[in-house]
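Below is one structure; the comments refer to it alone.
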Amino acid sequence: MALTLPEAAKLSNDVVQAGVIETLVYESPVLADMPFIEIVGNGLTYNRENAAPSAAFYDVGDDWDESTPTFTQATAALKILGGDADVDRFLSSTRRNVQDLDAAVLQLKARALAHTFEETVIYGDDTIDTKSFDGWQVLCAAGQRVNMGSGTTPAALTIAKLRETIDLVKPGKPDALYMSRRTRRGLSTFAQSSGSPISYEPGEFGQRVTYFDGVPIKVCDWVTDTELLASGDYSASTGGASTSVFAVKWGEGLLAGLHNGPFPQIEDLGQLETKDAKRWRVKAYASQALFSTLALAICDGISSAAVTA
C-alpha cells in the first residue's frame, strides 16, 4: 500500500523523525505528492504493459482468436542517499536556550536530502551516475513526449501543446503539472487574457493554488530553465535555454517512489572520539518506478517567450 510522506509524518511517534519528514515535504512539492511503496530487498522487478489484449465480435461457430497483453520487464533498484552531520557539543550546550541546535542541523540536512532526491527524480540517469536512479526525463516513453522546439532552438509554450501533453496521461487527467517558476509566470501572464483555462483556488492550507484545466500546477525549483535540445528533443538538464513541463499521475501501478525502511532514516551515531561533537546520519534507501508509461508525459523545448494559444 502506497503512503505519502505527509501521511507518514502523522503516523510517526518519533518527534525528530516527524520533524524531518515535515521539512522534506515543505522543501519539495514532488516529495509531498509522491506515494511511496515499501519493498523488501534491494530492488523491485515488475512487468510494464506494452500492448493490451484485443476482443472482437463472433458469429455462432466461428473460430476464436487468442489475444494476450504483452509486457516489458523492468527493474528499479534502491539507491543509498544521505549524509552525516556533526554538531559541536559546546555550541549545542551553550545555545540550548536559543534553539535546539541538533534539530536545526537535522532540518538543514533533510533539506539537502530533499533537494538531491527531487533533482534525481526529474533528471537522474544511472548511465551517468551509477549510484543514482533514472529520472523522468529518462523514464518517459518516446510516444509520451510533446516537443515545442526544433533542432537546438526552443519555442514558446502553447496552450494547445500543453493540452496535448495532458491528454497523453491516462486514465483520466494528471494529478499535477510540475514546472519551473519561469513557466508558471508565463502561464500566469497568459491567464490575464479572456477565456483563459487557468484558474486559482484555495489549497489545503489556505494558500492560492494555480490550476490549468482543473489540473494543479506545482512549481519545482529543480526543473531547470537551462535544458539542452538536440534534434528538437530534450538532451541534457544544462547547456541550453529551454525547460519542460511534466504531467504526472501518481499511484501504485502508475508512478510511485520506492523505499526500504523509514523515509528518511535518522541515526544518532554518538559522540566522536577525535573531537567534542556528536554525529547524526540522515539517509534513505529509495528509488522510483514507472509502472505505466501512460502515467508520465513531458512537454519539452519550452523557451522564455510569452505563452500563446
Side-chain angles (χ1 to χ4, degrees), residues 25-34 115 118-119 121-123 135-137 140 144-150 152-170 172-229 232-238 240-250 254-255 294-309:
V25 170
Y26 177 80
E27 291 292 336
S28 168
V30 171
L31 277 172
D33 295 341
M34 175 181 276
H115 289 172
E118 184 167 317
E119 182 180 16
V121 162
I122 299 167
Y123 294 115
W136 294 346
Q137 289 285 16
C140 186
Q144 292 293 109
R145 287 186 176 274
V146 174
N147 305 122
M148 294 303 313
S150 61
T152 59
T153 306
L157 175 65
T158 68
I159 297 301
K161 288 293 187 180
L162 189 53
R163 284 184 169 138
E164 183 180 335
T165 305
I166 289 174
D167 284 345
L168 289 174
V169 176
K170 301 171 185 176
K173 287 187 175 183
D175 291 322
L177 299 173
Y178 299 91
M179 63 186 67
S180 70
R181 294 179 185 272
R182 187 183 81 181
T183 306
R184 199 267 306 271
R185 287 196 303 271
L187 287 171
S188 296
T189 301
F190 184 86
Q192 299 172 8
S193 62
S194 61
S196 168
I198 299 165
S199 60
Y200 302 93
E201 298 179 21
E204 182 180 359
F205 302 105
Q207 79 279 25
R208 190 176 75 163
V209 178
T210 308
Y211 290 82
F212 179 88
D213 277 348
V215 180
I217 290 175
K218 304 289 185 75
V219 169
C220 174
D221 285 327
W222 293 102
V223 176
T224 72
D225 294 323
T226 59
E227 291 181 358
L228 181 67
L229 297 182
D233 201 354
Y234 166 85
S235 177
S237 61
T238 59
S242 69
T243 189
S244 297
V245 172
F246 303 87
V248 174
K249 195 166 186 66
W250 298 112
L254 297 167
L255 178 62
L294 300 180
L296 173 66
I298 300 177
C299 180
D300 63 22
I302 301 169
S303 72
S304 60
V307 177
T308 64

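For clarity, every value in this text was computed on a predicted model and none was experimentally measured.
Contact annotation: the side chain of Gln144 approaches that of Leu294 to within less than 4.5 Å [non-hydrogen atoms, C-beta and beyond]. The shortest distance between side-chain heavy atoms of Leu177 and Ile166 falls below 4.5 Å.
Every residue two or more places apart in sequence or in another chain that forms a salt bridge (charged side-chain N to carboxylate O under 4.0 Å, His left out) with Arg182 is listed here: Asp225. Residues that satisfy the salt bridge (charged side-chain N to carboxylate O under 4.0 Å, His left out) test with Asp221, not counting sequence neighbours, are Arg181.
Judged by distance alone, the side chains of Gln137 and Ser244 do bring a donor and an acceptor atom under 3.5 Å apart.
For the pair Lys173 (side chain) and Asp213 (backbone), a donor-acceptor distance under 3.5 Å is present. With hydrogens and angles disregarded, a donor-acceptor distance shorter than 3.5 Å links the side chain of Thr224 to the backbone of Ser237. Here the side chain of Thr165 pairs a donor or acceptor atom with the backbone of Lys161 at under 3.5 angstrom.
Here the closest non-hydrogen pair linking Pro197 and Phe212 is CG-CE1, 3.4 Å. Of all heavy-atom pairs spanning Ser180 and Val223, the tightest one is CB-O, 3.4 Å. The minimum heavy-atom distance between Trp250 and Asp175, with the atom names listed, is N-OD2, 2.7 Å.
Of the options Trp222, Tyr178, Trp136, a ring pair (Phe, Tyr, Trp, His ring centres under 6.0 Å) to Phe246 is made by Trp136 and by none of the others.
Rounding to the nearest 0.5 Å places CG of Leu162 at 7.5 Å from CD1 of Ile217. Arg184 contributes atom CZ, which lies 10.5 Å from atom OG1 of Thr189 (distance to the nearest 0.5 angstrom).
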Q: Mind running side-chain contact (heavy atoms from CB on, under 4.5 Å) on Leu187 and Thr210 for me, showing each step along the way?
A: CA-CA 10 Å; Leu187 287 171; Thr210 308; over 6 Å; no
Q. Would Phe190 and Leu157 satisfy side-chain contact (heavy atoms from CB on, under 4.5 Å), going step by step from the backbone distance to the final call?
A. CA-CA 11 Å; Phe190 184 86; Leu157 175 65; over 6 Å; no
Donor-acceptor list for residues 297-309 side chains, cut-off 3.5 Å, not counting sequence neighbours:
from   : atom 1 : to     : atom 2 : distance (Å)
Asp300 : OD1    : Asn147 : ND2    : 2.8
Asp300 : OD2    : Arg145 : NH1    : 3.2
Asp300 : OD2    : Asn147 : ND2    : 3.3
Asp300 : OD2    : Tyr234 : N      : 3.2
Ser303 : OG     : Ala155 : O      : 3.3
Ser303 : OG     : Ala156 : N      : 3.2
Ser303 : OG     : Ala305 : N      : 3.2

